[in-house]
Undergrad: 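Sharing a structure below in structure tokens format, with a few things to ask.
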Amino acid sequence: MLSIVELDFGTPRSKAAQQVTLTIDGREVTVPAGTSVLRAAGEAGIPIPKLCATELLDAFGSCRLCLVQIEGRKGFPASCTTPVEAGMRVATQAAQLQKIRHGVMELYLSDYAAGNDALPTEMREMVDAIGVTEVRYGFDGKNHRQAAKDESNPYFTFDPAACIVCSRCVRACDEQQGTLALTIEGRGFASRVVASQDDGFMDSECVSCGACVQACPTTALSEKSLLAKGPAQTSAVTTCAYCGVGCSFRAEMRGEDLIRMVPNKDGRANHGHSCVKGRFAIGYATHKDRILKPMIRAKISEPWREVPWAEAIAHAAREFRRIQAKYGRDSIGGITSSRCTNEETYLVQKLVRAGFGNNNVDTCARVCHSPTGYGLKATLGESAGTQDFDSVLQADVIMVIGANPTDGHPVFASQMKRRLRREQNGRPPAKLIVVDPRRIDIVRTPHVQADWHLQLRPGTNVALLTSLAHAIVDEGLVDEAFVHARCEREAFEKWRAFVAEERNSPEAMESVTGVPARAVRAAARLYATGGNAAIYYGLGVTEHSQGSTAVMAIANLAMATGNIGREGVGVNPLRGQNNVQGSCDMGSFPHEFPGYRHVGDDAVRASFEQAWGVPLRNEPGLRIPNMFEAALDGEFKGIYIEGEDIAQSDPNTQHVTASLTAMECVVVQDLFLNETAKFAHVFLPGSTFLEKDGTFTNAERRISRVRQVMRPRNGYADWEITQLLANAMGYPMHYAHPAEIMDEIARLTPTFAGVSFGKLDELGSIQWPCNAQAPLGTPTMHVGEFVRGKGRFMLTEYVPTAEKVNAKYPLILTTGRILSQYNVGAQTRRTENIRWHGEDRLEIHPQDAEDRGIAEGDWIGIESRAGQTVLRATISSRMQSGVVYTTFHFPFSGANVITTDNSDWATNCPEYKVTAVQILRVSQPSQWQQRYRAFSEKQQELLREAVALK
Amino acid sequence: MTMQGHDSSAALVKMANDIADYFHSEADRGLAIDGIVNHITRFWEPRMRRKIVAHYAEHGGAGLNELARAAIAKLAEISQG
Ligand code: SF4
Ligand code: SF4
Ligand code: FES
């Protein structure tokens, strides 16, 4: 339904190169071949009425409003389903056509109640355009005008009385989202839209993506916020602040009131689609829990004191300088966040390097994708994915490893599913290989079935990937020409000999991975010979003690089979948070300046020293886990944490909180009193993505604008707060706008040299590298040559994790996420999304449950070598026996109380995905949970006292 | 507050062992040792490097696996040189 009217030409834009000229209402019109007559007319400024057609969906031809006359053809063809032809002569406005349209519209109206009259809709536009003022048929026939509304979904309403059964919603759910939750039930006048088996939206398979709401041309499917607040007056294009898909949205506003978020049709990551989080879960921005005034306290056992901004900043700066004077320059550091903009992240690392005078800066990517950075740099030469998302449409074989796209990257998953369901340019639907310990949704969803699901044991990725490589070498499937031309010969030969060893064969590895050798060989053959083969991977690859090795093993596979350097192939890390790529690009790691350049590189360092006006350290600083260790050693005493909740998201919670407690000044900048803030001495209220300008960089290296649509409720955008802190510490920063920060980034970072806010406004978004060689950005990397010159094969010896199951801890716990919640849940828990997932549960295989007498919903104690917690059980055969699974969206769940200190050998990325545990039925929360609850309640009380102090 | 008796060298020993485990498959021992030393030099903060060298000097590298010990010996040599 409309709120702000957007142009919609009714059918998707044709990408064909060939142009076709025809005549419409006497005017010559030239469009790409494959364009519909409806679109050709619309683009030429000759609008033809339409109802069932929209740009976002394939033409359907059911409403009969778009009829035209075409010279030499009989009858009245529907213009939405008729492609243009050279020389075609079309008439759109003949009297006869007007009469038919009038009749059709009257029929619609006889069974239609407009719903909220205040809202402009396409339906109303069409009624006006066709000029229907009265309806001859009367309203007495059997109709839907009295049918009850379905209000079950928290975000949108379905009002059957306003439904014209155009089936746009059904097609949106099928084509765009790929969930197939909706059907038209019955025929003729009795036909109606139902969700699943007429279960109501909330109890159906609906995942609340909202595509149907956007597609609806009437008020039948409407956002509740729109119905309540009325239409918007303005809109601004901005970027979702949740996952690494980085969907583009129009934030529709009335003044500073956000009416709704509408996915942007021109967004190149999402093409007008979104998921339940980005479109609907934005209530947190105005949630009452948001802290809007700065606070300080001397000890974490004391009540908070609300203070003016100047005092809070001066206090933090004084404390940091005091600590440095007492314990040395290296005794403080900072953590940047993947939830902040590039400009904000850049400023934090600049503050640490130039203002603190050390390199103790790290980012939350440490705990998710740091192995991607390491592994792809070592093999391909650049720490980033190689493709754009659209590349998946050209893939013939898709291999998904340790990623759960339907939950973690839903909008990209919809696109992937489309390629798995559909032919593309005459090529059959893509084949699918899933490598995952769990039977994740993509293994079997409507019209999608994995050809191979290699259900390996957690912690054996490297064994499996190396055995896939063995099969490729053993069966002569290496793309010798590619390897010869593009890769280092010596490293390749070494690798070839290594993977060819018998001990790396699928047969030898079967006992390690649990995957039948036959399946491994078949999958290897499919990947190597099935046409364009693309790998998509996620945290199930990186969050292991061999995370970096697994990333290198993936890059090896792509190089060995020549599946890199063009569309449809490649190595694609699916990034968790919205700006993981960006925060890494911006120099958040302690050993690297922006653009992944080592601090020991003299020329690079000199360029930063000159620009920043201070000498810089040439040695790496502390990583997050190193900071914890140093804190416990008494050498690290102060930390500035922007937008990250290490006390909930990092492993071995008790170790983290002990480290925080050992520090003298913890400064947290965040929206809420998160778990880390409960250990803080200074709280600086942060701003939401709606309240600031900047950029995010998604998993495809796509830089997109974040635009301010309301003033920061806390008073300052996050970059301004960092700037205030820098100035107070005596390191001057004087940016007037984030655009100036981006200009500085571009000056100092070769891969960003061509990026500016002006260019982003012009192009919409840019994939880096963007510079003189690639002024419009780079959708596909490593074309013709790898960034490092020749690709480098790396050895990938399987080293079993130290985390072993034994009689005491006989099960493996692995962790993951679900669609409706986002990471630590600080945002999504404060929205209606809790209706889908109100608690973290322990998924357990029926056999393991039966062995322990566990029933659905029982309270289960989970004990690892690191700690204990208690969760409720969900019995699920998606798990293999011997493996249990949980999410970590709720702090009370204490999922990270049980995860251990094991980490990736190269980057210290924690091994979240493998923890040996024992489980048993219990009757009360764990001791940690009881302590947590008491501590948390105490901290909330201290917060309430602060508010009362004013 | 400092954790009573906390000693981060245990964590450093584990990290060094994990790195050495990766380089284990490198048949040329010299290259493997250089790889480990290079990795530690590029990614470890100097205090951490000093601590592992001190641990090696004081405790003969207790807890380090064979390859890691050889690498730390080389690191110690370089840092003295
Ligand atoms: S909200 Fe999305 S999943 Fe639900 S019915 Fe509509 S299109 Fe389908
Ligand atoms: S959370 Fe991800 S998929 Fe959902 S709207 Fe935001 S960017 Fe898109
Ligand atoms: S718009 Fe063409 S038939 Fe409905």
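These numbers come from a predicted model, not from an experiment. Order of the sequence lines fixes the chain letters, A, B, ..., with proteins taken first and strands second; residue numbering starts at 1 for each chain.
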Undergrad: Look up atom CG in N902(A) and atom NZ in K14(B), then write down how far apart they are to the nearest 0.5 Å.
TA: 4.0 Å
Undergrad: Decide side chain to side chain contact (heavy atoms under 4.5 Å, CB included) for N908(A) and M15(B); before the verdict, give the C-alpha distance in whole Å, the side-chain angles of both, and the deciding distance to 0.1 Å.
TA: CA-CA 8 Å; N908(A) 288 136; M15(B) 283 166 65; 3.3 Å; yes
Undergrad: Among T907(A), V799(A), L795(A), single out the residue with the greatest number of heavy-atom pairs under 4.5 Å to chain B.
TA: L795(A)
Undergrad: Go through the steps for W905(A) and F23(B) under the test side chain to side chain contact (heavy atoms under 4.5 Å, CB included), then give the verdict.
TA: CA-CA 10 Å; W905(A) 66 269; F23(B) 284 96; 4.1 Å; yes
Undergrad: Please state whether the side chain, the backbone, both or neither of E592(A) comes within less than 4.5 Å of a heavy atom of chain B.
TA: neither
Undergrad: Quick check: closest heavy atoms across S25(B) and E797(A), and the distance to 0.1 Å?
TA: CB-OE1, 3.0 Å
Undergrad: Mind listing the closest non-hydrogen atom pair of D330(A) and R47(B) along with its distance?
TA: O-NH2, 3.0 Å
Undergrad: What heavy-atom pair brings P46(B) and E619(A) nearest, and what distance separates the two atoms?
TA: CG-CB, 3.6 Å
Undergrad: Identify the heavy atoms of R42(B) and H598(A) that sit nearest to each other, and give their distance.
TA: O-NE2, 2.9 Å
Undergrad: What part of M627(A) gets closer than 4.5 Å to chain B, counting heavy atoms only: side chain, backbone, both or neither?
TA: neither
Undergrad: Where do Y22(B) and T549(A) come nearest, in terms of heavy atoms and distance?
TA: CD1-OG1, 3.7 Å
Undergrad: If you define the side chain from C-beta out and look only at heavy atoms, does anything of Y374(A) sit under 4.5 Å from H39(B)?
TA: yes
Undergrad: Out of curiosity, I19(B) CD1 to D904(A) CG, how far, rounded to the nearest 0.5 Å?
TA: 9.5 Å
Undergrad: Decide yes or no on side chain to side chain contact (heavy atoms under 4.5 Å, CB included) for Q546(A) and D21(B), but give the supporting numbers first.
TA: CA-CA 10 Å; Q546(A) 281 203 288; D21(B) 281 344; over 6 Å; no
Undergrad: Which bit of S903(A) comes within less than 4.5 Å of chain B, counting heavy atoms only: side chain, backbone, both or neither?
TA: backbone
Undergrad: Relative to chain B, which segment of R623(A) carries a heavy atom at a distance below 4.5 Å: side chain, backbone, both, or neither?
TA: side chain
Undergrad: With rounding to the nearest 0.5 Å, note down the distance linking CD in E45(B) to CG in N358(A).
TA: 8.0 Å
Undergrad: Roughly how far apart are M48(B) CE and N626(A) CG, rounded to 0.5 Å?
TA: 3.5 Å
